[in-house]
Amino acid sequence: MRCRMPWLAIVGSFSVNGVAELHSNLLAQGLFRDFFEMWPEKFNNKTNGVTPRRWLAAANPQLAEPITETVGDGWHADLSRLERLKDAVGDAGFAGCWNSIRRANKERLAGLVAHYTGVKFNPGALFDVQVKRIHEYKRQLLNVLHVVHLYNRIHRGETDGWVDRCVLIGGKAAPGYIRAKEIIKLINNVAAVVNSDPVVGDRLKVAFIPNYNVSKMEVICSAADLSEQISTAGKEASGTGNMKFMMNGAVTIGTYDSANIEIMQAVGEDNFFLFGLHADEVLELRNHYRPQQYIDQDDDLRGVLQLLEAGHFNAEEPGIFDGILDSLKSPHDPWMTLADFRSYVDAQQRVEQAWLDREQWTRMSILNTTSSGVFSTDRTIAEYNDDIWRLQPME
Ligand SMILES: *Cc1c(COP(=O)(O)O)cnc(C)c1O
């Protein structure tokens, strides 16, 4: 016997919601369309949040202090008050304070990375971070392709206006998810080659941090410059890592997916690095996806795949990444990683441009924090209560 649990849940429920606007719309228009047509009033949206008590006040007390000085105490229970920080965006004194706190947090994270991996991150470099469960839809592989592309650029001498970058990847794989474990192995192998190459030097460092958990995330999210939220559009329900990073002043590079869309709306398109296919384009492309086309048209992508296929990162373990490489080049690759490669690399170049203008980057960083109020769990829970539970708040 087969039991369709989501259908049963919808029939038995008073209210049904996705956890970000896009996700709620995809449920109503796609997966559960029949139910939506029958009971439209059941369906609604409740965008996730994260608690500012843990993810700002406790994780980043250094940054919480000048925030309290500027906007007062109330933000712990009313995160929309962070908006008041906007007045301080142009203030050189505040920007200097912001940067010195971020610098100290980056030194703290560099210590954690060195302790667990032995890799030395230079706190002056751009900290480029992707931490989340390892899954093909989250596309840690796209991140790795970009790292290999940077490695190729260094070896080709294309280093004018170079931005030193420390790439941190972390996350657990489900015990039976072999491909996810292969992805971790690939990240570690690429890191070993890149980090020991004297030609690369300090320009690029790569580390995979083991046993990713919330305690590590407290240190990580308060020190990240760039938050990688690069899932195949339509596949990530909401994400909450994206919110923790934003709240602590990281700038997002992301697809038009999940709560990324709402993050971009809150902070403004100028302060978000958007790239890639949209969910409807992913659906449409499924019918005629030909990865080889992207390879033929893109020298950079071809260079990256050639290096991987030559076994450059697995000289002593021939063939171990063949499964990954075959999946990337398959017309049936559900995650369409190669389709977004060019757009991702171009967005990363915009990141480099922005990073080189330190004043602009600091502005973007502060604006991410000031615009993160809507991603407090207090707002989420208030919506659940107003629309669904109808409980009286306790005094
Ligand atoms: C926030 C968090 C997640 C969720 O991360 P996403 O990027 O939203 O997938 C997973 N694990 C830990 C330890 C976290 O702190």
Side-chain angles (χ1 to χ4, degrees), residues 18-24 26 45-60 79 105 108-109 112-113 116 127-144 167-175 177 180-181 183-184 187 207-264 266-267 272-273 276 335 344 368-369 372 374-381:
V19 288
E21 292 280 355
L22 177 79
H23 182 226
S24 295
L26 290 173
N45 173 252
K46 296 287 170 282
T47 299
N48 277 159
V50 298
T51 169
R53 268 82 66 193
R54 179 168 198 147
W55 293 110
L56 187 50
N60 199 349
L79 204 60
N105 288 345
R108 180 171 69 150
L109 176 56
L112 191 81
V113 170
Y116 284 104
F127 279 19
D128 172 347
V129 182
Q130 186 178 26
V131 286
K132 46 184 70 252
R133 298 300 296 244
I134 309 296
H135 200 292
E136 288 162 284
Y137 87 78
K138 291 177 181 281
R139 296 200 298 193
Q140 283 88 2
L141 282 175
L142 184 57
N143 193 342
V144 174
V167 179
L168 180 65
I169 304 177
K172 290 174 181 170
Y177 193 174
K181 289 172 184 286
I183 292 170
I184 296 174
I187 297 163
F208 181 85
I209 194 154
N211 190 30
Y212 171 56
N213 58 26
V214 287
S215 301
K216 292 206 175 77
M217 183 52 160
E218 289 186 357
V219 179
I220 292 168
C221 71
S222 41
D225 297 305
L226 187 65
S227 158
E228 298 269 353
Q229 308 299 334
I230 61 179
S231 51
T232 309
K235 295 298 172 187
E236 184 76 83
S238 160
T240 54
N242 47 5
M243 301 168 185
K244 300 168 203 167
F245 282 116
M246 178 198 200
M247 209 170 271
N248 285 280
V251 185
T252 305
I253 183 166
T255 45
Y256 202 78
D257 193 23
S258 66
N260 290 355
I261 299 169
E262 291 155 79
I263 286 177
M264 184 174 71
V267 74
F272 186 105
F273 297 98
W335 323 113
Y344 180 53
N368 267 274
T369 299
S372 67
V374 68
F375 301 108
S376 166
T377 35
D378 297 337
R379 188 269 312 148
T380 311
I381 290 165

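As the structure is a computational prediction, the values presented were derived from the model and not from experiment. Whatever order the structure lists ligands and atoms in, that order sets their numbers, starting from 1.
- Of all the heavy atoms in Ser258 and Leu22, the pair that sits closest is N-CD2, 3.8 Å.
- A salt bridge links Glu218 with Arg54: the distance from a Lys NZ or Arg NE/NH1/NH2 to an Asp or Glu carboxylate oxygen falls below 4.0 Å.
- Between Lys132 and ligand 1, at least one pair of N/O atoms sits closer than 3.5 Å.
- Protein heavy atom nearest atom 11 (N) of ligand 1, with residue, atom name and distance: Tyr212 CE2, 3.4 Å.
- Of the heavy atoms in Arg133, none comes closer than 4.0 Å to ligand 1.
- Residue Glu236 places no N or O, backbone or side chain, under 3.5 Å from any N or O of ligand 1.
- Note that OG of Ser231 and CG of Asn242 are 9.0 Å apart. Values are rounded to the nearest 0.5 Å.
- Of the protein's non-hydrogen atoms, Thr240 N, 2.7 Å is the one closest to atom 8 (O) of ligand 1.
- Among protein heavy atoms, the minimum distance from atom 9 (O) of ligand 1 is reached at Lys138 NZ, 2.8 Å.
- With respect to Glu236, the side-chain hydrogen bond (donor to acceptor under 3.5 Å, both in side chains) criterion is satisfied by exactly one of Lys138, His135, Arg139, Gln229: Lys138.
- Looking at every heavy atom in both residues, Tyr212 comes nearest to Lys172 through O-CE, 3.3 Å.
- Counting heavy atoms only, Lys244 comes closest to atom 14 (C) of ligand 1 of the residues Lys172, Met217, Arg54, Lys244.
- Not a single N or O atom of Asn213, backbone or side chain, sits closer than 3.5 Å to an N or O atom of ligand 1.
- Short contacts between ligand 1 and Gly239, defined as distances under 4.0 Å to a heavy atom of the residue, involve ligand atoms 8 (O).
- The shortest N or O to N or O distance between Asn242 and ligand 1 is not below 3.5 Å.
- Atom 5 (O) of ligand 1 has its closest protein heavy atom at Gly241 N, 3.8 Å.
- Annotation: side chain of Arg53 is in contact with side chain of Asp378 (closest heavy-atom distance under 4.5 Å).
- How far OG1 of Thr47 is from CE of Met243: 6.5 Å, rounded to the nearest 0.5 Å.
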